[in-house]
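What follows is a short report on a single structure.
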Amino acid sequence: MKHLLNPLDFTVTELDALLKLANAIEAAPEKYAHACEGKKLATCFYEPSTRTRLSFEAAMLNLGGSVIGFASGDNSSAAKGESVSDTIRVISCYADICAIRHPKEGAALVASSRSSIPVINAGDGGHQHPTQTLTDLLTIYSLKGHFDHLKIGLCGDLKFGRTVHSLIDALIRYEGVEFILISPEELRVPGYIREDVLDANQISYKEVERLEEALPELDLLYMTRVQKERFFNEEDYIRMKDFYILDKAKMELAPKDMLVLHPLPRVNEISVEVDDDPRAVYFKQAQYGVYVRMALILTLLNIHID
């Protein structure tokens with residue numbers, strides 16, 4: 001039995017197979033419409049979510065399966081003090097596979113150690129968000145055709161942004177990848193990412209504060225919102241929330257084939273006037289999230305369609 005707790009749980013070869021399966025699902029969804037009949041996905045979301053939870057549910061329903069679960073810890077026995085460990089042991093009696101989101105780092109790991117069904121980490125605090133990373137990778141793979149020799153700008157909240165941390169982990173395995181880390185001093189990538197991931201793997205990167213400085217040389221810009229829920233005081237959040245706003249004027253500085261990705265939800269960091277730019281692919285990215293989660297469910301349940 002295999003779980004997905006972080007992006008490195010799949011080798012490059014396994015990841016390649018997963019992305020190809022997602023592309024096959026996109027090309028012929030009707031072929032997979034009954035693949036999970038009789039199977040149940042449990043969505044255990046202790047933290048609010050729109051895209052991640054609904055895309056998991058859509059993925060399972062598209063495969064002919066069914067969904068059970070809860071959308072808030074307040075609506076589960078966690079409100080009575082039940083541990084994640086006990087909850088997953090009970091869920092294992094009801095479902096065939098589980099997607100869990102929790103505000104505490106390591107919660108998905110605890111769940112996987114007690115589960116008798118595959119566990120998917122749907123986000124644990126500021127730590128990892130591997131299925132968003134799979135979504136990002138499928139978007140890049142489908143629209144760029146490759147991962148190697150890309151110059152990638154990561155912009156915004158690089159301190160608390162678990163999507164950024166997961167994406168860096170995944171992309172360092174490809175040849176010639178370079179990062180430009182665009183953030184204010186207070187929201188820089190944590191030291192352990194710089195030292196244990198980037199420096200340790202001799203990955204080329206630089207840190208800048210101005211988005212305008214980085215735009216002309218990028219193949220890919222990954223925007224993130226400043227996350228209010230990760231701040232301990234509101235004054236710091238208000239001071240940082242509008243530090244970066246990507247608008248039409250800034251897009252004029254970018255290459256004609258640069259892609260703009262965003263894990264969503266956005267607040268003010270991308271102006272709506274950018275939405276009509278063909279380089280803005282964040283809503284297409286959300287659609288890719290369904291295909292890649294369909295592929296992931298089939299892979300973890302070991303279901304093969306000839």
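Basis for what follows: all heavy atoms, side chains included, without hydrogens, waters or symmetry-related copies.
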Within 45° cone and under 6.0 Å: Arg293 NZ/CZ vs Phe56 ring: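 Ring-cation test returns yes.
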Please say whether the positively charged group of Lys2, taken as NZ for Lys or CZ for Arg, lies over the ring of Phe10, i.e. under 6.0 angstrom from the six-membered ring centre and within 45 degrees of the axis. yes
Ignoring hydrogens and angles, state whether a donor on the side chain of Asp306 or His304 is under 3.5 Å from an acceptor on the partner side chain.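 Looking only at side-chain atoms, His304 and Asp306 do not form any donor-acceptor pair under 3.5 Å.
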His129-Arg101 side chain donor-acceptor pair, cut-off 3.5 Å: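 Yes, Arg101 and His129 have a side-chain donor paired with an acceptor closer than 3.5 Å.
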I'd like to know if the side chain of [X] reaches the main chain of [Y], judged simply by a donor and an acceptor atom lying under 3.5 Å from each other, with no hydrogens or angles considered.
X      : Y      : result
Arg188 : Lys159 : no
Tyr244 : Glu209 : yes
Glu273 : Lys248 : yes
Ser112 : Leu109 : yes
Glu14  : Thr11  : yes
Glu217 : Leu215 : no
Asp247 : Ser271 : no
Asp96  : Lys40  : yes
Arg266 : Thr224 : no
Ser115 : Ala111 : no

Over 60° means perpendicular and under 30° means parallel, so classify the ring planes of His102 and Tyr46, tilted if in between. tilted
Mark yes when over 12 heavy atoms from residues, nucleotides or ligands other than [X] sit less than 6.0 Å from its [atom1]; otherwise mark no.
X      : atom1 : value
His34  : NE2   : no
Lys144 : NZ    : yes
Glu37  : CD    : yes

Between Leu198 and Leu181, is the side chain to side chain contact (heavy atoms under 4.5 Å, CB included) condition met? List the steps. CA-CA 11 Å; Leu198 295 169; Leu181 307 174; 4.1 Å; yes
Ring centroid separation for Tyr205 and Phe179, is it under 6.0 angstrom? no
Going only through I, L, V, M, F, W and Y residues with side-chain contacts under 4.5 Å, is there a path from Tyr94 to Phe45? no
If I take atom CG from residue Asn201 and atom CD1 from residue Ile168, how far apart are they, to the nearest 0.5 angstrom?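 If we round to the nearest 0.5 Å, Asn201:CG and Ile168:CD1 are 11.5 Å apart.
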If we only count heavy atoms from C-beta on, is the [X] to [Y] side-chain gap below 4.5 Å?
X      : Y      : answer
Glu57  : Thr43  : yes
Cys155 : Leu221 : yes
Ile305 : Lys31  : yes
Cys36  : Leu298 : yes
Ile152 : Ile180 : no

Can you spot which of Leu296, Ile91, Val119, Leu41 makes a side chain to side chain contact (heavy atoms under 4.5 Å, CB included) with Ile97? Leu41
